[in-house]
2 protein chains.
Amino acid sequence: MSSVPQRRSLLDELASRGIRVTAQRRAVLEVIQEAGEHLDADSLLARARAHEPGLNRATVYRTIALLKKLRLIDELDLMHLEGEKHYYELKPERDHIHMACFRCGRIEEFTSPLFEHLKIEIGKQTGFAVRVVRLEVGGACRVCASPAIDPLKSQEDAETPLR
Amino acid sequence: MSSVPQRRSLLDELASRGIRVTAQRRAVLEVIQEAGEHLDADSLLARARAHEPGLNRATVYRTIALLKKLRLIDELDLMHLEGEKHYYELKPERDHIHMACFRCGRIEEFTSPLFEHLKIEIGKQTGFAVRVVRLEVGGACRVCASPAIDPLKSQEDAETPLR
DNA sequence: CTGATTGCAAAGAATTTGCACTGCT
DNA sequence: AGCAGTGCAAATTCTTTGCAATCAG
């Protein structure tokens, strides 16, 4: 939800690697950095155009690809709750789990030491060098799962995504 | 990799729920059931056409949607190693982790009691009723991560997907 | 200067949908 | 018989690409 600012800005990361900093990239990076939520390419474009009006959709996709390659952002599916878009967020200090409520569509995040242990175990047991981890969960959030909310209203199906 | 057959066939599952069993569905179910690997919609169509030549692509998608809704299969992305397709597998008795090697493209599976604990913890800590879990990992498999393989050949990038 | 980056427009990949026809149960 | 399921073709959604013009370093 609220994000702890990370040590170096995306801009600094690019510059320090000798990657060209253009006005377009600056606009996209800024939006990603200040985003309070998970953004897809389309909303990213819309917001970045506030900074850089002529910005093209293709440039957004190319910038996303760049940031992914540099492992500065993570790509999420959020259980495909709405369409097949991808969502992006700054790579966090500690990986977290994304939980998508099939009933109300809310996305929750959750971190746990167990998750960190699991990642370590994967490496130890299999020899696999873990670079990117994505753990997504679908189901019913606390509120939607509660049977006490409205006994008269028949419960919507929370077994399966909305669409 | 090799799969332990589950108690009831997909066909029985449908029939017992009063869902219509058509030749087309039978063909798709059979392919999913015997698949030794993760199949996308396209390969699913190709294989199922061996049983049911006229089978249409749309029917495959509709059948996949049905099985997903009934939670008889899981949908995977396999870190989008090749395109944005989805892959499908029978819902296993115990959820497993999918590990995708960015260098050689191999997919490994891994199960761990820690993973089960983590799922339980999610529910306990957040009140979220977990229905579907997808844990995917990207990186370098044991072989590709090994620095001893070929010291002369400069290592390919294993930090990031191939495409 | 000069190659990396961009915009544009078109193409591509994966999936979904409307509708008339077919075939389970 | 009746309605769920299917095929077909077109539409949608999301993303990528080729190429000429532009701009950062």
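We name chains A, B, ... by the order of the sequence lines, and we start the count at 1 in each one. Note that this is a predicted model, so its numbers are computed, not measured. In what follows, every heavy atom counts, from backbone to side chain, and hydrogens, waters and symmetry copies are set aside.
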task = Please work out if A:A41 contacts a base, only the sugar-phosphate, or nothing of the nucleic acid, heavy-atom cut-off 4.0 Å.
result = sugar-phosphate

query = Who pairs with B:N56 by side chain to side chain donor-acceptor pair (under 3.5 Å), at least two apart in sequence or on another chain?
reply = none

Length of the CG-C1' vector between B:L44 and C:dT15, whole Å = 14 Å

task = Please state how far atom CZ in B:R17 lies from atom P in D:dG5, giving the value in whole angstrom units.
result = 14 Å

query = When the distance from CD of B:E75 to C1' of C:dT16 is rounded to whole Å, what number comes out?
reply = 14 Å

query = For D:dC23, does either OP1 or OP2 sit under 4.0 Å from a side-chain N or O belonging to A:Q24?
reply = no

task = Check the distance between D:dT22's C1' and A:E52's CD and give it to me in whole angstrom.
result = 13 Å

Salt bridge (charged side-chain N to carboxylate O under 4.0 Å, His left out) contacts touching residues 15-33 of chain B (sequence neighbours left out) = B:E13-B:R17

ask   = Who passes side chain to side chain donor-acceptor pair (under 3.5 Å) against B:S43, sequence neighbours left out?
value = B:D40

Distance, rounded to the nearest Å, where A:D40 contributes CG and D:dT15 contributes C1' = 12 Å

request  = Measure from CD1 on A:I19 to P on C:dG3 and round the result to the nearest Å.
outcome  = 19 Å

request  = Would you classify A:A65 as touching base, sugar-phosphate or nothing, given that sugar-phosphate means primed atoms plus P, OP1 and OP2, and contacts are heavy atoms under 4.0 Å?
outcome  = nothing

request  = Grab the CG-C1' distance between B:L66 and C:dT16 for me, whole Å please.
outcome  = 16 Å

remark   = When rounded to whole Å, the NZ to C1' distance for the pair B:K69 and D:dA4 reads 13 Å

query = Taking only residues two or more places apart in sequence, or in another chain, which ones meet A:H98 in a ring pair (Phe, Tyr, Trp, His ring centres under 6.0 Å)?
reply = A:H38, A:H96

remark   = Residues B:E108 and B:C141: closest non-hydrogen pair is OE2-CB, 3.4 Å

Under 4.0 angstrom between A:T22 side-chain N/O and C:dT5 OP1 or OP2 = no

query = Should side-chain heavy atoms under 4.5 Å link Ile, Leu, Val, Met, Phe, Trp and Tyr, which residues sit in the same cluster as B:V130?
reply = A:I97, A:M99, A:F110, A:L114, A:F115, A:L118, A:I122, A:F128, A:V130, A:V133, A:L135, A:V137, B:I97, B:M99, B:F110, B:L114, B:F115, B:L118, B:I122, B:F128, B:V133, B:L135, B:V137

Between the protein and nucleotides 8-14 of chain D, list the N/O to N/O atom pairs that are separated by less than 3.5 angstrom.
none

query = So, A:Y88 and A:E75: side-chain donor and acceptor under 3.5 Å apart, yes or no?
reply = yes

inquiry  = Side chain of A:R20, heavy atoms from C-beta onward: which of D:dG25, C:dG7, C:dC24 has the nearest atom to it?
reply    = D:dG25

